[in-house]
Trainee: 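I have a structure here, written as structure tokens, and I will follow up with some questions on it.
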Amino acid sequence: MERTAAAAGLIIVVLGSYGLAQPPAPKPGPEHKAMGYFVGKWTGEADVKPGPLGPGGKMTSADTCEWFADNSHVVCRGEGKGVMGAMKTMGIMSYTAADKSYKFYGLDSMGMAELSTGTKAGSTWTFSADSNFGGQTFKSRYTIVEVSPTSYTFKWESSADGTKWATLMEGKTSKSGT
């Protein structure tokens, strides 16, 4: 019994000192601050092109994006209506210092779930991923251009091989509040 208590005490001391020895979490840097552009309430309109997403047509969206915890991630929840009906969305944007890239994990009520990797050059954000929709696998590229502090344009493109791109959707989104 004494050995068990001594062993438990040693484990607590070791685990406690391990917790104290951990370096503090890195502070968000300028790359994280850049993601703050997306924090707020946004409404969007898009033109969906005929193709793997269906027959084409108009789509509208409303998103609310907020900082998560220590301002190192942005979490967005949204709703949209369009050619494929109504849907709900959720996305998480983060910056990964190890590979100096942005990550965006998005999912929706239509069954899509995707991790994209991106960069930011000036006012242009570009994300790419291997996508699968309706049983079709393709490369996708999503480009956002900050037009002003309260609006951006976007284009979602697909390619079978990453060389010839076809537009799936393009539109404009405006900030409707903070």
Side-chain angles (χ1 to χ4, degrees), residues 15-16 18-48 53 58-82 84-133 139-158 168-178:
L15 290 177
Y18 176 76
L20 294 175
Q22 292 297 313
K27 299 234 184 270
E31 296 85 3
H32 296 95
K33 185 176 180 180
M35 295 185 308
Y37 174 83
F38 297 103
V39 172
K41 294 184 180 194
W42 297 85
T43 56
E45 294 181 355
D47 181 28
V48 179
L53 301 179
K58 298 294 180 188
M59 185 178 106
T60 60
S61 63
D63 297 282
T64 299
C65 300
E66 303 172 318
W67 283 114
F68 176 77
D70 60 354
N71 290 1
S72 60
H73 311 282
V74 174
V75 177
C76 300
R77 292 180 181 268
E79 295 183 0
K81 290 182 184 173
M84 295 175 27
M87 79 166 113
K88 293 187 181 271
T89 62
M90 182 174 175
I92 301 169
M93 181 186 246
S94 187
Y95 179 75
T96 306
D99 65 0
K100 296 181 174 28
S101 70
Y102 290 92
K103 302 289 191 235
F104 184 84
Y105 183 71
L107 54 98
D108 65 35
S109 59
M110 305 293 280
M112 274 189 89
E114 182 172 277
L115 176 63
S116 301
T117 299
T119 59
K120 181 177 188 294
S123 62
T124 302
W125 301 75
T126 305
F127 289 87
S128 60
D130 289 327
S131 299
N132 186 307
F133 188 78
K139 297 193 177 302
S140 68
R141 177 171 63 193
Y142 194 85
T143 306
I144 298 168
V145 178
E146 299 174 9
V147 176
S148 75
T150 59
S151 74
Y152 63 86
T153 60
F154 62 90
K155 183 189 286 191
W156 186 22
E157 300 168 285
S158 70
L168 295 172
M169 176 189 318
E170 59 188 328
K172 182 176 182 177
T173 304
S174 299
K175 194 174 261 191
S176 56
T178 55

Trainee: Anything under 3.5 Å between a donor and an acceptor, one on a side chain of residues 114-125, the other on a protein residue two or more places apart or in another chain? List them.
Mentor:
from	atom 1	to	atom 2	distance (Å)
Glu114	OE1	Ser131	OG	2.4
Lys120	NZ	Gly122	O	2.5
Trp125	NE1	Glu146	OE2	2.7

Trainee: Could I get the full list of ring pair (Phe, Tyr, Trp, His ring centres under 6.0 Å) partners for Tyr105, not counting sequence neighbours?
Mentor: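 Here no residue qualifies.
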
Trainee: Using 0.5 Å steps for rounding, measure from the CG atom of Asp63 to the CH2 atom of Trp42.
Mentor: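 It is 10.0 Å, given to the nearest 0.5 Å.
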
Trainee: May I ask you to decide if Lys41's main-chain N or O and Ser176's side chain share a donor-acceptor pair within less than 3.5 Å?
Mentor: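 Yes, Ser176 side chain to Lys41 backbone: donor-acceptor pair under 3.5 Å.
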
Trainee: With sequence neighbours excluded, give me every side chain to side chain donor-acceptor pair (under 3.5 Å) pair touching residues 90-99.
Mentor: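 Listed by first then second residue: His73-Ser94, Asp99-Ser101, Asp99-Lys103.
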
Trainee: Go through the steps to decide whether Val75 and Met90 satisfy the test side chain to side chain contact (heavy atoms under 4.5 Å, CB included), and finish with yes or no.
Mentor: CA-CA 7 Å; Val75 177; Met90 182 174 175; 4.0 Å; yes

Trainee: Compare every heavy atom of Met87 with every heavy atom of Ser109, then report the nearest pair and how far apart it is.
Mentor: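 Result for this residue pair: OG-CA, 3.2 Å.
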
Trainee: How long is the gap from OG1 on Thr150 to OH on Tyr37, to the nearest 0.5 Å?
Mentor: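 Thr150 atom OG1 to Tyr37 atom OH measures 7.0 Å (nearest 0.5 Å).
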
Trainee: Distance-only, no hydrogens or angles: does the Lys175 side chain make a donor-acceptor pair with backbone N or O of Val39 under 3.5 Å?
Mentor: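 Yes, because the side chain of Lys175 sits within donor-acceptor range (under 3.5 Å) of the backbone of Val39.
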
Trainee: Which residues pass the salt bridge (Lys or Arg N to Asp or Glu O under 4.0 Å) test with Glu170, not counting sequence neighbours?
Mentor: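 Salt bridge (Lys or Arg N to Asp or Glu O under 4.0 Å) list for Glu170, sorted by chain: Lys49.
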
Trainee: Could you state the interatomic distance from CG (Asp130) to NZ (Lys139), rounded to the nearest 0.5 Å?
Mentor: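 Answer rounded to 0.5 Å: 4.0 Å.
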
Trainee: If you define the side chain from C-beta out and look only at heavy atoms, does anything of Arg77 sit under 4.5 Å from Thr64?
Mentor: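 Sidechains of Thr64 and Arg77: no contact.
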
Trainee: Test of understanding: with ring pair (Phe, Tyr, Trp, His ring centres under 6.0 Å), list the residues that count as partners of Phe127, not counting sequence neighbours.
Mentor: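 None.
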
Trainee: Can you pull out every salt bridge (charged side-chain N to carboxylate O under 4.0 Å, His left out) where at least one residue sits in residues 86-98? Sequence neighbours excluded, please.
Mentor: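 Non-adjacent pairs meeting salt bridge (charged side-chain N to carboxylate O under 4.0 Å, His left out): Glu79-Lys88.
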
Trainee: Is any side-chain heavy atom of Glu66 closer than 4.5 Å to a side-chain heavy atom of Val74?
Mentor: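 No, side chains not in contact.
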
